Amino acid sequence: MNALVPLPILLSLATAIVTIFLGRSLRGKIVVSLGGGGATFVTALFLLWTVWSRGPVVHAMGSWPPPFGIILVADLLSSGIVLLASGVAMVALCYSVGYVEEEGQRLAYHPLFHLLMMGIYGAFLTGDIFNLFVFFEILLISSYALVAFAGEDYQLEASLKYATINLIASAAFLLAVGGLYGVMGTLNMADLSLKIRQLHDAGPLPTIFLLFVAVFGVKASIFPFYFWLPDAHSSAPTPISAMLSGILIKVGAYSILRVSSVIFVPLWPDVQTWILTLAAITMVIGACGALAQSDVKRLLAYSSVGQMGYIILGLGIGTPLALVSTLLFIVNHALAKAMLFLMAGVVIEATGTRDMGGMGGLARQMPWTAGAFLVGVMAIAGVPPLFGFFAKFLLITAAIEAGYGFLAALAAGLAIVTLWYLFAAWQQIFWREGNGHALHAPPRLMKGPGFVLAGVIVVGTVFLNPVVNFLRNVEAQMRQPANYVTAVFEEVSHRSGPSEESK
Amino acid sequence: MTTLLAMTIGTLFATGTFLVLRRNALKVIIGLSLISHGANLVLVTSGGFAGNRPPIIGPGGVGYVDPLPQALVLTAIVISFGVTAFMVVLLYRLYQRTGTVDMDQIRRLRG
Amino acid sequence: MRRPTTLIAEIVTRWAFPVIFLFALYLLLAGHNNPGGGFIAGVMTAAALTLQYVVFGMREVQRVTRSSYLGLVALGLTFALGTGLGSLVLGWGFLKSGILHLTLPIFGEVEVVSAVVFDVGVFFIVVGVTVTIISLLGREAA
Amino acid sequence: MTDLLAGLLIVIGTFFLAVGSIGLIRFPDVLCRMQATTKTTTLGACTIFLAAALKFGYSPIALKSILALWFLLLTAPAGAHMIARAAYRGRVPLATHRMVADDLKEVVERSAYLSEHNIDL
Amino acid sequence: MSLLLHGALLVVACSTVLCLYRIVMGPSVPDRIVAFDAFSTNLAAVVVLLVMRDGLVELIDVVLVLTILGFVGTMAIAKYIKKGDIVD
Amino acid sequence: MKTQKLWILTVLLAVVWCFLSGGFTLANFLMGLLMGTLTLVCFRPFFPWQPSPRRLLQKVPAFVRYVPRFVYELIKANLQVAYLALHPQMPIRPGIIAFRTRHRSPLGITLLANSITLTPGTLTMDVSSDGHTLYIHTLDIAHPEEVREGIRQGLEDYTVEVAD
Amino acid sequence: MILLLVVLLCPFVAAALTPLLARYLGTRTGWWAAAVALGNTLALLSLLPPILHGATVQYTLSWIPVLDANLTLMADGLGLFFALLISFAGCLIMAYGRFYLDPREQHGKFFAYMLLFMGSMLGVVLTDNLIALFVFWELTSLSSFLLIGFWDDREASRYGATKALLITASGGMAMLIGFILLHQVTGSWELQSILHQGDVIRASSLYLPILGLVFLGCMTKSAQTPFHIWLPNAMEAPTPVSAYLHSATMVKAGLYLVARLHPVLSGTEAWVYLVAGVGMLTLCVGGFLALAQDDLKALLAYSTVSQLGLIMALYGLGTAQGVVAGSFHLMNHAAFKAALFLCVGMVEHETGTRRLSQLGGLWGAMPWTGVFTLVAAAAMAGLPPLGGFVSKELFYEATLQVPEPGVRTLFPILAVVGSAFTFAYSLRLVYGVFFGKPGHPPKHPHEAPLGMRWSPLILAACNPLFGLWPAPVDHFLLEPMAAGILREVVHVHLALWHGFGLPLVMSAVTIAAGLVLYPAWARIQQWQGDVFSRVSLDAAYDGSLHVLSRSGRDVSLALQSGILRRYLLWIFSFLSLLVLSTFIWDRVSVVPVEARSVLSYEGILLVLTIVTSIAVVLAPRPLPAVILLGGVGYLVGILFILLYAPDLALTQILIETVSLILFLLVIYRLPPFIPEHASPGRLLRDGLFATMVGGAVAAVILATAGQGYFPSIAEFFLRESVPGGGGRNVVNVILIDFRGYDTLGEVTVLAIALLGVFTLLARKDTR
Ligand code: NA
Ligand code: NA
């Protein structure tokens, strides 16, 4: 069963390889690509089921016991988010088939997509801090390539800026890993967790912790590290925008969650103020940026900045309730923002413009698209009854309970601003008198995926109890790093491989 | 050794930073390369300098330096090579399409 | 036809190339016990091929080698993934290396490590990637 | 004995390396500097390689040193030739006031003329 | 012997500095390439001296690599310099 | 094709392999043959040179005469450069002279050109496209014809015997 | 009782089905919607008997039990009254809407939204759970948004929709925080439990915040001054929507909540001053504004504002009398105001205009409409023998008996003033439309179709009924409702004739003052026009949105300048700040571990590296810069040798050469370095930043390198390399075995880089 853990990563890689081998065969690439994505999704389901029923599952690469070898750990958090990622990826893939032009698909689109997914899954599953760096780089470089995929000026520009900023972050990551290794002599997260708890004097660890937070903050696009996001997320091909905003930025939040809940547990007070401050500023910046946009994708991108502010805010408050809200935000934003991007792509395809001023009146011609878009808008704006509301509600509750009245008020106030710009955007696109231009009908494969996500959001709202219950379990597991550590080191006693024989 | 190396690495980061803050995109990429040199050296420095022979097991097996940072750096070097290669080509394409490598002029995306 | 470089450069390169390539192979095979390994060997090979490009010109070399290096990358990835999956299927976990001790007539005691196959995969990938990038750019520059 | 010889070679090699670098600094134009490096630096390095070969006797180090030596002797002149050619054709300013002959000038100018007017002979 | 080697290392290191001077000061690009070539050869010598000093067999491969790559690099630069680049 | 003649190259490569693997043992040599073959298989068209063993053997005496001459010139060259480089006034009279060579084989031209570069005060700068004229930069030219004569007698006589 | 759930879900299900049914029903969709509402009304009536006996009807559907957010349905007198109001008014208005809407309009969409609203509104009044209540509360805002924007091609509709949404949602957000605080105090989300804890709540330090925040929500929803500004703009909605949402039901949600929380929040001075004070203010402001309107719907909108203020004031008095009076007036208001809206709708439908200046003398053409309007307006004006008269008398009486001394004289005066305005604008409405000079409407007026007249007839007929025969109202509606609010048994005995007393005098004064005010409407109109062109709450709303969006644009343009360097300055400075801060605040010490001394040549090589890297910065052209970069790379390789890392040295040197070639191939095509034109100040600044970054990095290294709090795991690799990994080169064994996964990732990165390059270069088109 433990072999299930690396499978999402390996399946993605294998799919990528096969699609490279397939050369320029379009049909073959699409079939393999969708098949691989589907298989990964199914694997992720099994993985989550396994973890749910058996507790954290650990896979030691090469059978080398932790802390020496690299291990992959699937606990509820990681397997849950892997499932989320693979689901959204599958939807985005289907969309891509309709969206990405044939030549692009014949080129490297499919392998790059799956390699991106490989990086994402790896980053979620790995239990080794340096391996995390490697997977970060995988997902980053494939996203640079995908952002620049269609080769337009602005895409190249966005990709260059995105890559530059993230390269600096990578250097900082190495600095942090080097520092951590210099002090602790190990790279395994569970081992680090054990050892840091034994320390009486934290020494330079606060520095390192903050460095990690900053590095992950770049991925999570916290202020002042977010500058790449509005450019990259708005310029990328639409399904990639959906993946970047839906899943990729969550990797940063996830990593902060990981290092703070597993490794640096005793040092949390040292960074909490920073995190809260930056999260608050991020929320404001996201709102400011979104208010200024007339380009629908750029607006959605800025909205992602703001949402990341909420996610990080919950993380910073750090109470169980706040963490549940953060998780709920992650799920909500992953589904809703991905859906909004996909639908924005439909609208752009139909009207031939990204400028909302040039759209209008689409509700008459595309009522279902309008409805789905509205669901997304409501979800992001946290309009009840969709579960985006509950994320917001829990966050505010948690902030109040933890005594952060100001932050609660800020979150509430900015929620209104979010509501404003999203509804205004929706109005601009779907209401008003149409400009009378003939609409270009987007392929069905582009519309379907958005509806699927909208459906998932609605169904998820109806069955919110199991979702929240699951997230509470996730949170409870996170709160007990001992579980994680035990699961990792139990691995040693369970395994018996050739290395045992040679000793 | 640590102090002098720290100074060296600091200089690599500083010069890299200075270059990254220039207008010419090529300088930016060169700056990034310097920074990644620095970062690689950080990793190799992290293990400290105990030991005085390369980690290649031979007779009289003591005094090896810490092999792990070396392996990590190897990975890091390769990765930064890959990324640099990509960026160089990206820059090339950008120049082809926009006719400039001036980062102050490559600012269609703003606001 | 105009020479991309000169006669002297060409002749020296013809002499140097096999040595460099052999050295690369040596680094590949010796890598497990001495400095070297798939990556280093791969870059070395790529450097040798680059030298060929530089001296003989892109067109000439492509006429001679004719192969697609993208396929080489995919092949290398298959090698690397294959060794990992092989051990996974055998129930040892991903990328578990096996060691085989052989005693051969002339070579004496030889250790065959399955991880070396992985290293060969790495070698292919590195050669493929480096050479393709350089030749693509070279074609642009030409 | 071998140690003594090796030591001597090291001294010689080091001397030539230093001289090469000094020449590199002092000579007036690129072609003259090249004269310094291709000869002295190459010989200096070769001498030191030889010293290593001598010091370690029949050993991997020695064999590889010899290989490196051979390789250096093979390639250094070719490299120098390529640079010199590029330099001259790129019209690097030379110390012309000291030059006593230039047989290449005419040839290069002719070929430059031909290539400028797209004439392929 | 060790003292000699140490001295030799010192001298060669200084000689490397001279090469660097030429790389930095140019004035022309071929000057820099020549200096670069000499620089890598000097570094190869440094490595050989280190090998001799510490008896580290493992490092000798580096010498070969440096020699080979010095050549490859020089050829590449020599080929790809532009006319406009030759003179600063 | 002359595949049958490739064995000599393979053996040469096997020797190089032995250098690389640190010893002339049978195992290394066999491995070298394998690797040499691999090299030739992979990059066959890069090796147009097909030496015949007999001609190779014939060249040995010439080669033996050439090597000491070359080493002598090499040392002389270095001392000369050292003298010039360290001399306070730096008494040089540089210039570029054309040199028509008797060599006709590419290998010979290359050998001569390299030898010229490594020997006193001369450096092969360029070679004409037919390969028959070498352009040589010289550090200290008293008279161009003297330099040409020096090269002819000091090197070309020997290299022509070795490779042409 | 599951019936409650059925009643609640029925409109939602019906709403979902409506677009589908509309394809077959066409213009008859309205009947379907009205039938649903009627069914709901009947079902709710069946709940009346138990509630009359003081029982409550409950049903719980668990939704998110882990968050205690369940669909706890509870119907008591208050809830049932509202539910009946919602369903019954819904039935009448949707039946009316079927005629009102043009056959070419999207009936399916319209009635789906209406039913969605009806369900949401039922949810508000029938849930016991505050979270669920909030959910429905926001859903009413959403459906109101959709309905106001029904004619989405009109700019004014979109403006009104957004305005209503923003203001009510803002209040809702405040209310949500209030609920959260309430939950903190009481530990429950269930009203059943919260309503028992009045003393706890009032004693809590959070009482004032709770009161303020929750009341803010009620104020915005019920259009209390100064948040009344959205209601007039909401009149852009089709008239049935105005009648239903913006007079009869949705705007009463705030009143409902005030009534609902009456037991726990009232009983303090703060309650009276806040709730009643705001109510009184709203009463007067609304009336004053209503009188001057030219647009009939605007007049009705402000009148609604005013009347809602009246009811709010009554609830705010905190007395049982006030509650009864308020509840009764609420009922009356629903009847007369809905009737008036429908009548205005008919006028508009038949004449094509709503402007008083274009109307007049319609009595002859539209007698039925005229009668309905007259009756309803008279009720609004508080004339006997209509229900409005009774409730106004009760209002006066209640204001006269305020316990708080500070407002004992003020409130009655304000009550009279507000009512005088009410009288005046009622008069203006009736007279201006049906009497006086005939106007010049765009269409030739005639009576509205019969089907359209039924609903206003029924609604208008309620008014004399309430006034002349209040007993059933007392018994079946008012008593249970008051009991629901006050949570105690209340006996109400309403009568048209109250006997002589101060209230009657006040009524007389009201009528007199109203007659005085009426002719002044034109002057008031002019005055308002003058003032509002300079300063108004609407302008404040628009201005604040404008300021918000402009400052958003300014901030994002300032930060997202498009200039990479500025982004990097932020990032670098923040990274170094973060790092350096820990050395100061967290007192991280910098005590380097020096395990090895520096030999002379090592020193030279290190310094050489430093110098070379600085030389890269100074390089004048791309090529030298790249060559020097290669030099740095080689030197780093040599440093690796000094650190006993042959594999690294090999890799570094190889990679450096290949990178050099890559750079060469590219700069071959790139332009030379452009002059930076950097001022010395900027160079100095960049230099300082660079130094700061370098210093921070050096500090981190000094603080961490080789500190070794724990033995490194590297021992394992050295030990296991040969036996376990089968190789003596530990680094290689780590790479391809112990940490082969990293290597797999690393080569994947390379492959991706290639794919990226491949794609970039495959796109052939150039500028
Ligand atoms: Na390797
Ligand atoms: Na290796």
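Computed from a predicted structure; not experimentally measured. The chains referred to below are lettered A, B, ... by the order of the sequence lines, with proteins before strands, and numbering in each begins at 1.
Residue contact with chain A, scored on non-hydrogen atoms closer than 4.5 Å, involves the backbone and the side chain of G/Ile571 alike. Looking at G/Leu142, only its side chain comes within 4.5 Å of chain A, counting heavy atoms on both sides. G/Leu545 touches chain A through backbone and side chain together, each having a heavy atom under 4.5 Å away. Looking at G/Phe134, both its backbone and its side chain come within 4.5 Å of chain A, counting heavy atoms on both sides.
G/Arg158 places no side-chain N or O within donor-acceptor distance of the main-chain N or O of A/Gln427, the cut-off being under 3.5 Å.
Between chain A and the options G/Ala703, G/Ala705, G/Gly149, G/Ala753, the largest number of non-hydrogen pairs under 4.5 Å is found for G/Gly149. Contact count versus chain A (heavy atoms, under 4.5 Å) is highest, among G/Val555, G/Val591, G/Leu578, for G/Leu578. Interface remark: of the candidates A/Glu433, A/Glu157, A/Met184, A/Met184 forms the most heavy-atom pairs closer than 4.5 Å to chain G.
Atom CG of residue G/Leu744 and atom CG of residue A/Leu13 lie 5.5 Å apart, to the nearest 0.5 angstrom.
Listed by chain and number, the residues in a side chain to side chain donor-acceptor pair (under 3.5 Å) with A/Glu137 are A/Ser170 (sequence neighbours excluded). For A/Gln293, there are no side chain to side chain donor-acceptor pair (under 3.5 Å) partners at least two apart in sequence or on another chain.
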Inset, instruction - Please test G/Thr704 against A/Tyr181 for side-chain hydrogen bond (donor to acceptor under 3.5 Å, both in side chains), starting from the C-alpha separation and ending with a verdict. - result: CA-CA 8 Å; G/Thr704 58; A/Tyr181 182 75; over 6 Å; no
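Using a 30° and 60° split on the angle between ring planes, A/Phe223 and G/Phe574 fall in the perpendicular class, above 60°. In this pair, A/Phe68 and G/Phe717 present their aromatic rings perpendicular. The plane angle is above 60°, beyond the 30 to 60° band.
Under the 6.0 Å cut-off for aromatic ring centres, G/Tyr567 and A/Phe225 do not qualify, their centroids lying 6.0 Å or more apart. Within the 6.0 Å centre-distance limit, the rings of A/Phe390 and G/Trp63 are counted as a close aromatic pair. Side-chain rings of A/Phe135 and G/Tyr741 approach one another, their centers coming within less than 6.0 Å. Checked against the 6.0 Å centroid criterion, the rings of A/Trp431 and G/Phe145 qualify as a close aromatic pair.
More than 12 non-hydrogen atoms from other residues, nucleotides or ligands lie less than 6.0 angstrom from CZ of G/Phe150.
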